[in-house]
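Notes follow once the structure below has been shown.
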Amino acid sequence: MSELDLADYQRAVRLVLRHPLITATYPDERALVRVRRFAAELRRDLTEAFGYRLELHGSTARLVRTADQLTPDRPATTRNGRPFDRQRYAYLALCLATLGRAGVQTTVSELADAVSADANRIGGLGLDPDSGADRRAFVDAVTWLEDRRVLQLADGSSASWVSDPTAGEALYDIARDALVALFHPPRVLQHVDTVHALLERSATTSGNAERRAAAQVARRAVVELPIVYFGDVDAAVANHLRGTALPVDLQRLTGLRVERRAEGVLLVDTLGFSVERFPGTGSVAQAAVLLAVALAERAMDPDGRRVRRLPAPDPRERQAALVAAADAGLPATARISIDDLDQVADTDDAGGTDDTETESARLPFVTESFLREAVAAILQQYGSAFGAPWHADPDRLRVEAVELLTRFGAVTPVPGGVLVRPLIGRYRGTVAQVRQRTLF
């Protein structure tokens, strides 16, 4: 493969990894053409490297990924970036079920009537077309499908229906290829009594198969997570993360370089591969970088004060908590106890550090009061770089900045504050240059 062809191929790999569903027009008109050009190579390499499956049907390409763990930081979002809540997720699921029974076209009012009939049979859900909040939540689910070209607007506007359902209307063409490809659970949902059953788990027994599976887990972690700490994965996966083959394989596939430090590895995104980047643009991202600088200085204890260090939370406990939170949405008769999740409770093959607690396994603890003071100092020092709403609500800025740092593996929230993770160290001594703006 020539250098030019290799660059095009790596672009196609990054494309399907970032957009598991690709249609004739989503994410753009050239995406499907790029994927089809390298279809055979992509199928082979994505299967061998990650255990993924690339399916092409009609005008749709679908990457069926293997999930190793639950992650709380990849929500469906509205067009203005707000994460879906339970109501919106429920409406989205009911929309998919309704569209699966529909013909080639539907209107937003017809879809709303069908979803309303199903939703009103579910205790605590419901959909009242006369309720503006319900209409907005429903249309958020519809526009999520519209953005992915599962629903293609032929006439009208869903916004007009939200404003006045008696006068507004929208007509949609249903892209059946995209609809079928979009929803791809690894298990029959009627047989699932816990969300943990949706995680793919290898049944391999031979040593070679287990090593291959561990290598795939390692590669998946690097391309799916902002940073992978050795202490957060089991020993077999950590060995592959430390090996020489992984960075070579991933650079050949993606064109991106793997950076490895004593604590873990990350994929250096220089080509816009990630959906969200850090450092990034916007007030929250700017505040997060400045807060990272303050946390780095505090964690390194520049004044000679003793910084309290606490053990990092066990990844198994975090997974168990996520499973419990997701399972809380199941009907009461189908709920199970976390104690019944043998895969989560089994410590023989789970990730995390071993039982011998060392000082290196303990992380600096920074209190919530320090975070409040740091954000107040940031607002005071960089005043006009942040708009009036942030000055009026510094707690909101603090919360959103900490959430961003959490998503990127820089901190771990704990009661009373955060634990500072090694990634923060790269921002120590950083000199910030914040674009000034008019305060009022």
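Keep in mind that this is a model prediction, so the values were computed, not measured.
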- Message: Given 3.5 Å as the limit, does a donor-acceptor pair link the side chain of Gln69 with the main chain of Leu199, or not?
- Response: no
- Please answer whether the main-chain N or O of Leu21 pairs with a side-chain N or O of Arg148 as donor and acceptor at a distance below 3.5 Å. no
- Query: Under 3.5 Å, is there a donor-acceptor pair between the side chain of Glu146 and the main chain of Val139?
  - Reply: no
- Query: For the residue pair Leu54 and Ala39, what are the closest heavy atoms and their distance?
  - Reply: CD2-O, 4.4 Å
Just distance, no hydrogens or angles: give the donor-acceptor pairs under 3.5 Å from side chains in residues 93-106, sequence neighbours left out.
{"from": "Thr98", "atom 1": "OG1", "to": "Leu94", "atom 2": "O", "distance (Å)": "2.9"}
{"from": "Arg101", "atom 1": "NH1", "to": "Ala97", "atom 2": "O", "distance (Å)": "3.4"}
{"from": "Gln105", "atom 1": "NE2", "to": "Asp173", "atom 2": "OD1", "distance (Å)": "2.6"}

- Query: Under 3.5 Å, is there a donor-acceptor pair between the side chain of Thr194 and the main chain of Ala197?
  - Reply: no
- Message: Whether the Asp140 and Tyr91 side chains hold a donor-acceptor pair (N or O, under 3.5 Å, no angle test) is what I'd like checked.
- Response: no
- Item | Spacing of CG belonging to Leu153 relative to OG1 belonging to Thr143, to within rounding of 0.5 Å | 11.5 Å
- Message: Is a donor from one side chain sitting under 3.5 angstrom from an acceptor on the other, for Thr254 and Arg14?
- Response: no
Please output the side-chain donor-acceptor pairs of residues 26-33 that fall under 3.5 Å, not counting sequence neighbours, one pair per line with the distance.
{"from": "Asp28", "atom 1": "OD1", "to": "Arg30", "atom 2": "N", "distance (Å)": "2.9"}
{"from": "Asp28", "atom 1": "OD1", "to": "Ala31", "atom 2": "N", "distance (Å)": "2.9"}

- Task: Give a yes-or-no answer on whether the side chains of Ser109 and Glu169 include a donor-acceptor pair shorter than 3.5 Å.
- Result: yes
- Residues at least two apart in sequence or cross-chain that pass side-chain hydrogen bond (donor to acceptor under 3.5 Å, both in side chains) with Asp177, listed by chain then number, are none
Got a list of side-chain donor-acceptor pairs under 3.5 Å for residues 217-229, not counting sequence neighbours?
{"from": "Arg219", "atom 1": "NH1", "to": "Ala49", "atom 2": "O", "distance (Å)": "2.8"}
{"from": "Arg220", "atom 1": "NE", "to": "Asp68", "atom 2": "OD2", "distance (Å)": "2.8"}
{"from": "Arg220", "atom 1": "NH1", "to": "Phe50", "atom 2": "O", "distance (Å)": "2.5"}
{"from": "Arg220", "atom 1": "NH2", "to": "Asp68", "atom 2": "OD1", "distance (Å)": "2.7"}
{"from": "Arg220", "atom 1": "NH2", "to": "Asp68", "atom 2": "OD2", "distance (Å)": "3.4"}
{"from": "Glu224", "atom 1": "OE2", "to": "Tyr52", "atom 2": "OH", "distance (Å)": "2.1"}
{"from": "Tyr229", "atom 1": "OH", "to": "Gly409", "atom 2": "O", "distance (Å)": "2.7"}
{"from": "Tyr229", "atom 1": "OH", "to": "Leu423", "atom 2": "N", "distance (Å)": "3.2"}

- Item | Verdict with supporting geometry, Gln152 and Tyr172, side-chain hydrogen bond (donor to acceptor under 3.5 Å, both in side chains) | CA-CA 5 Å; Gln152 300 175 9; Tyr172 291 105; over 6 Å; no
- Please confirm whether the backbone N or O of Leu56 pairs with a side-chain atom of Thr60, one donor and one acceptor, at under 3.5 Å? no
- Donor-acceptor contact below 3.5 Å, side chain Arg136 vs main chain Val162: no
- Taking only residues two or more places apart in sequence or in another chain, which ones pass side-chain contact (heavy atoms from CB on, under 4.5 Å) with Asp147? Arg79
- Query: For the atom pair CD1 (Ile424) and CD (Glu297), what is the distance rounded to the nearest 0.5 Å?
  - Reply: 11.0 Å
- Query: Going from CZ on Arg261 to CZ on Arg426, what distance comes out if it is rounded to the nearest 0.5 angstrom?
  - Reply: 5.5 Å
- Message: With a 3.5 Å distance limit and no angle check, can you tell me whether Arg318 reaches the backbone of Pro313 through a side-chain donor-acceptor pair?
- Response: yes
- Item | For Glu400, all residues meeting side-chain hydrogen bond (donor to acceptor under 3.5 Å, both in side chains), sequence neighbours excluded | Arg396
- Query: According to the ring-ring contact (aromatic ring centres under 6.0 Å, His included) rule, which pairs have a member within residues 233-270, sequence neighbours left out?
  - Reply: none
- Task: Keeping the roles fixed (side chain from Arg362, backbone from Arg309), state whether a donor-acceptor pair exists under 3.5 Å.
- Result: yes
- Note on the structure: Those residues at least two apart in sequence (or on a different chain) that pass side-chain contact (heavy atoms from CB on, under 4.5 Å) with Leu322 are Leu70, Pro72, Gln319
- Item | Under the ring pair (Phe, Tyr, Trp, His ring centres under 6.0 Å) test, residues paired with Phe183 that sit two or more places apart | none
- Item | Set of residues satisfying side-chain contact (heavy atoms from CB on, under 4.5 Å) with respect to Asn80, sequence neighbours excluded | Thr78, Arg82
- Salt-bridged, Arg252 to Asp249, with N to O below 4.0 Å? no
- Rounded to the nearest 0.5 angstrom, the OG1-CZ distance for Thr25 and Arg149 is 4.0 Å
- Query: Any salt bridge between Glu210 and Arg212, counting N to O under 4.0 Å?
  - Reply: no
- Message: As an exercise, state the distance from OG1 of Thr367 to CD of Glu373, rounded to the nearest 0.5 Å.
- Response: 7.0 Å
- Within the side chain of Arg260, is there an N or O that forms a donor-acceptor pair under 3.5 Å with the backbone of Gly243? yes
- OG1 of Thr77 to CZ of Arg88: how many Å apart, nearest 0.5 Å? 11.5 Å
- Message: Taking side-chain hydrogen bond (donor to acceptor under 3.5 Å, both in side chains) as the definition, give me every residue that meets it alongside Arg37, ordered by chain and number, with sequence neighbours left out.
- Response: Asp5, Asp8
Which atom pairs, one a donor and one an acceptor, fall under 3.5 Å between side chains of residues 270-280 and the rest of the protein, sequence neighbours left out?
{"from": "Ser274", "atom 1": "OG", "to": "Asp269", "atom 2": "OD2", "distance (Å)": "3.0"}
{"from": "Glu276", "atom 1": "OE1", "to": "Arg407", "atom 2": "NE", "distance (Å)": "3.0"}
{"from": "Glu276", "atom 1": "OE2", "to": "Arg407", "atom 2": "NH2", "distance (Å)": "2.7"}
{"from": "Arg277", "atom 1": "NH2", "to": "Asp269", "atom 2": "O", "distance (Å)": "2.6"}

